[in-house]
Amino acid sequence: MEVFYHFECFFPAVFTVNGVFFESVTKLKAEPSDSLFITVFPLDAVYLPYTVRIGGGEVFANAALTKITRLRDNRFLVRFLPRFNYVYSPVRHETKPRNGSAVKRLFEAVKERDLAAARSLLTGELSASVDDNSLLEFFDGYEDIVDNNGYVSTDGDSFFLVPDSGKTAELFKAKLINGLIDNIEEV
């Protein structure tokens with residue numbers, strides 16, 4: 001069974017995969033026994049280049065700089081993290097984009113326990129039907145959220161919730177009305 005890797009890099013970079021240069025890497029298909037040697041060459045001088053070795057959905061080299069999330073049995077999301085030079089810089093470099101989809105903003109607001117911000121992302125009807133404790137408990141047991149950017153084909157706005165346990169991510173679908181969340185259900 002082939003393994004499909006989807007890649008995210010939140011800083012500008014170019015790559016080599018097994019020695020072949022790529023201006024960007026979004027997805028690759030490989031055999032489970034294949035090793036991929038991916039070198040990340042950041043285009044911002046604050047970050048340093050590095051090489052990772054992945055295979056079979058696992059990281060074998062530079063695991064601290066690479067986060068792999070299992071989306072489905074044979075689909076993985078690989079996030080490349082920045083490698084910093086240990087020199088003081090007065091400029092703050094934010095690697096994670098903020099203000100993504102409405103569901104991502106809801107997840108971040110709930111995790112930060114900012115109920116006013118969370119409720120502002122819900123329709124009036126949904127907000128009225130959910131008490132504060134239920135809203136805070138909704139994302140319990142999940143460490144991250146990943147927008148489904150074509151990783152798995154579904155209808156509408158879908159996303160993955162990544163469990164704290166590191167198990168396979170769960171696919172959910174959101175119903176939006178005028179940009180506000182009206183319902184979230186598991187697919």
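Starting from 1, each residue takes its place in the sequence as its number.
No donor-acceptor pair under 3.5 Å is formed between the side chain of S127 and the backbone N or O of G124. A side-chain donor-acceptor contact under 3.5 Å links K111 to the backbone of F139. Side-chain atoms of R53 never come within 3.5 Å of backbone atoms of A61 as a donor-acceptor pair (strictly under, hydrogens ignored). Not one N or O on the side chain of N62 forms a donor-acceptor pair closer than 3.5 Å with the backbone of L65. Under a 3.5 Å cut-off, the side chain of N74 and the backbone N or O of V3 do not form any donor-acceptor pair. Side chain of D44 to main chain of Y47: no donor-acceptor pair is present (N/O by atom type, distance under 3.5 Å, no hydrogens or angles).
Under the 4.5 Å side-chain heavy-atom criterion for ILVMFWY residues, no single connected hydrophobic cluster contains both L180 and L135. Cluster membership check: V25 does not share its hydrophobic cluster with Y151, using side-chain heavy-atom separations under 4.5 Å among Ile, Leu, Val, Met, Phe, Trp and Tyr. In the hydrophobic cluster analysis, where Ile, Leu, Val, Met, Phe, Trp and Tyr join through side-chain heavy atoms closer than 4.5 angstrom, L126 is grouped together with V103. In terms of hydrophobic clustering, with Ile, Leu, Val, Met, Phe, Trp and Tyr side chains grouped at heavy-atom distances under 4.5 Å, V59 and V78 are assigned to a common cluster. With hydrophobic clusters built from ILVMFWY side chains whose heavy atoms lie under 4.5 angstrom apart, V152 does not share a cluster with I68.
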Evaluate the criterion salt bridge (Lys or Arg N to Asp or Glu O under 4.0 Å) for residue pair D144 and K104; output intermediate values, then yes/no.
-> CA-CA 9 Å; D144 199 5; K104 192 170 240 182; over 6 Å; no
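Contact annotation: the side chain of V40 never approaches that of V52 to less than 4.5 Å [non-hydrogen atoms, C-beta and beyond]. In this structure, the side chains of L81 and T66 stay at 4.5 Å or more apart for every pair of heavy atoms. Side-chain atoms of P49 and P42, non-hydrogen and from C-beta on, do get closer than 4.5 Å to each other. Using a 4.5 Å heavy-atom threshold, the side chains of T154 and N148 count as touching. The shortest side-chain heavy-atom distance between Y5 and I54 falls under the 4.5 Å cut-off.
A cation-pi geometry, defined here as NZ or CZ lying under 6.0 Å from the six-membered ring centre and within 45° of its normal, does not hold between R70 and F76. The cationic atom of R75 (NZ for Lys, CZ for Arg) lies less than 6.0 Å from the six-membered ring centre of F4 and within 45° of the ring axis.
Between atom CD of residue E108 and atom CG of residue L121 there is a gap of 10.0 Å, rounded to the nearest 0.5 Å. Here L171 contributes atom CG and L161 contributes atom CG; the two are 9.0 Å apart, rounded to the nearest 0.5 Å. The CG atom of D182 sits 5.0 Å away from the NZ atom of K175 when rounded to the nearest 0.5 Å. With values rounded to the nearest 0.5 angstrom, E170 atom CD is found 10.5 Å from F159 atom CZ. The distance from the CZ atom of F41 to the CZ atom of F21 is 8.5 Å, given to the nearest 0.5 Å.
Under a 4.0 Å N-O distance rule, the pair E8/R79 qualifies as a salt bridge.
Ring centroid separation for the pair F15 and F22 does not come in under the 6.0 Å cut-off. In this structure, F7 has its ring center under 6.0 Å from that of F80.
For the side-chain contact (heavy atoms from CB on, under 4.5 Å) criterion with F138, the lone passing option out of I184, V130, V110 is I184.
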